[in-house]
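In each ligand, atom 1 is the first atom listed, and ligand 1 is the first ligand listed. Since this is a predicted model, take the numbers as computed values, not measurements. We use all heavy atoms of the structure for the numbers below, so side chains are in, but hydrogens, waters and symmetry mates are not.
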Amino acid sequence: MNVLVINCGSSSLKFQLINAKSEEVLAKGICERIGIDGRLTYQPEGGEKEKSEKAMPTHTEAIQFVIEALTNPETGVVNSLDEIGAVGHRMVHGGEKFASSVVITDEVKKAVEECNDLAPLHNPANLIGVAACENLMPNTPMVAVFDTAFHQTMPPKAYMYGLPYEYYEKYKVRRYGFHGTSHSFVSKRAAELLGKAYDETKTIVCHLGNGSSVTAVLNGKSVDTSMGLTPLEGLVMGTRCGDIDPAIMEFLAHKLDVDGVMKILNKDSGVYGLSGGLSSDFRDLTDASLAGDKKAQIAMEVFSYRVAKYIGAYVAVMNGVDDIVFTAGIGENDDIVREQVCSYLGYLGIEFNTELNKGLRGKETELSMPGSKVKVFVIPTNEELAIARETLELVRK
Ligand code: AMP
């Protein structure tokens, strides 16, 4: 069966068509500037990337163009829509309602809508993607895979904030965590590399990308994670501030309005802000650091230091750790960050293979020495494949 994986944003729609049996990506691409003008980028497996300008007033036209591209007699990869057996939708926020993926029904859509408050930018866009697919493929089963679901196993002591209880009861203000599909995918693979049963492992996953989070996975379950009610909490990220003294909000609010403060915390902070606005991209920061730029050096050090602090906290939470995994854009590619983070972890008995780490990019690798008490892995994440697997499993059931 072929599964169409959709990741819908407010003005974009990323897609991959995956053969769920062979797990081969048949084609992938993105629709951008939906509601503005419209641009489709499409690439069939082994073929050239094609870019075309297309009028996309809504997501329905975008999906229509995706289907046309996938079924195009020359560059398409399937003959008709009938060859798409199911659609898997990435959903950002499932609140407390979804602890796992589900087949999409009217009740599911209503429950997702009820979580809109918690992710006002993402959930409505995800639902628009579902509606657009339903319009064009009314008989194709669809599955929702939530970023938050994997973390629903966190105990109250990890997810409650030190706020009046009534805000949890009334408004569901609590920690949820994100990147769950990635943390789940990578921690499962880590158990295979360790040669242990998934429900007998203590793994810390560092998903370090534009958005970054660390998760403690104990016996196959997320028991704590660094993001909270929103993806702003936790690590210092590309442009997000991560953990800060909440009183900074008030301090800044005397100088700016609330929207201005939130823009600073979400878009102008993180390594971008720390580097004096140089870049949120670690390739630029690395180049600048090596050229002696002090702010870029500090930005990278702050980033790695915060990751190391979370690892230390999660070793305590799990009373030990078997392995630490680096994944996502920075985790998979940035050898300097990996070395900086691991330089704090000698006390765990980690023997880090500095030579092997140097220049290693995007390849599954064990970075610890054979005798190391705790293993260190680089494991590339693949959220689309994880969504396709979940979709296939649910549709088969
Ligand atoms: P992601 O959100 O997982 O796609 O990660 C994107 C981020 O990964 C970029 O903003 C970069 O900071 C980082 N990244 C990607 N490639 C490299 C690389 N070759 N070296 C260092 N950092 C990289």
Taking the six-membered ring for Trp, are Phe178 and His93 ring centroids under 6.0 Å apart?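 Phe178 vs His93: aromatic centres under 6.0 Å.
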With a 6.0 Å cut-off on ring centres, are His151 and Tyr176 close enough?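 No.
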OH (Tyr305) with more than 12 external heavy atoms under 6.0 Å: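 No - once you tally the heavy atoms of other residues, nucleotides and ligands closer than 6.0 Å, there are 12 at most.
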Tell me whether Asp257 at atom CG has more than 12 heavy atoms from other residues, nucleotides or ligands lying less than 6.0 Å away.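 Counting neighbours around CG of Asp257, more than 12 heavy atoms of other residues, nucleotides or ligands fall under 6.0 Å, so yes.
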With a 4.0 Å heavy-atom cut-off, what residues sit around ligand 1?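 Contacting ligand 1 under 4.0 Å are Gly209, Asn210, Ser280, Asp281, Phe282, Arg283, Ala328, Gly329, Ile330, Asn333, Asp334, Arg361.
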Looking at Cys8, is its backbone amide N or carbonyl O close enough to the side chain of Asn126 to form a donor-acceptor pair, meaning the two atoms are under 3.5 Å apart?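 Judged by distance alone, yes, a pair lies under 3.5 Å.
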Tell me whether the guanidinium CZ or amine NZ of Lys375 lies under 6.0 angstrom from the six-membered ring centre of Phe377 and within 45° of its axis.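 Judged by the rule, Lys375 and Phe377 form no cation-pi pair.
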